[in-house]
Amino acid sequence: MDDAVPPTDLPAEARQAEPEPDPAAPAPLNVPRTPTGDAGVDAALTRLGDADHLATDGHIEVYEDVHRGLRDALTALDVRPGPPAPPPPSGPRS
C-alpha cells in the first residue's frame with residue numbers, strides 16, 4: 001500500500017497553478033432540459049448538451065442531429081396504431 005503524500009513545502013514556482021480560463025473558449029449554457037417522458041425526444045434534448053463543449057462552428061452538426069431526431073419522433077406519432085376502429089355494422093337491420 002502506498003501512503004505517499006505529495007510534498008506541500010515546494011517552492012511556489014514548482015507548484016502547478018491552474019491555467020486562467022480562456023474567455024473565448026466554449027462555455028456551457030446550462031439551459032435546463034426537462035424530461036418529456038418520450039425516449040426519442042429526451043435523447044434529442046440531451047444531445048443538445050453536446051453543443052456546450054463545442055466552438056460555434058461545431059453547433060450546426062449537433063442542431064441538425066437534434067432536428068433529425070425530433071422530426072423522427074414526430075413522424076413516429078403518425079405511424080403508431082391508434083385505438084381499434086369500431087367494427088362495421090353486420091347485416092341489414094330491421
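A quick note: this is a predicted structure, and the numbers were derived from the prediction, not measured.
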Measure the spacing between CZ of R33 and CG of L48 and express it to the nearest 0.5 Å.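 R33 atom CZ to L48 atom CG measures 6.0 Å (nearest 0.5 Å).
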Quick one: pull up CG in L77 and CG in D72 and give me the separation to the nearest 0.5 Å.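 Between L77 CG and D72 CG, I get 11.0 Å after rounding to 0.5 Å.
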Applying the side chain to side chain contact (heavy atoms under 4.5 Å, CB included) criterion to Y63, which one of E61, H59, H67 satisfies it?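 That would be H59; it is the only one of E61, H59, H67 passing the side chain to side chain contact (heavy atoms under 4.5 Å, CB included) with Y63.
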For P35, run the side chain to side chain contact (heavy atoms under 4.5 Å, CB included) check against T46, D42, L45 and tell me which one passes.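 By the side chain to side chain contact (heavy atoms under 4.5 Å, CB included) criterion, P35 pairs with just one of T46, D42, L45: D42.
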Closest approach of A73 to V41 (non-hydrogen atoms, all atoms of both residues):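 Where A73 meets V41 most closely, the heavy atoms are CB-CG2, 3.8 Å.
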Establish whether I60 and L54 are linked, either directly or via other cluster members, by ILVMFWY side-chain heavy-atom contacts under 4.5 Å.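 No.
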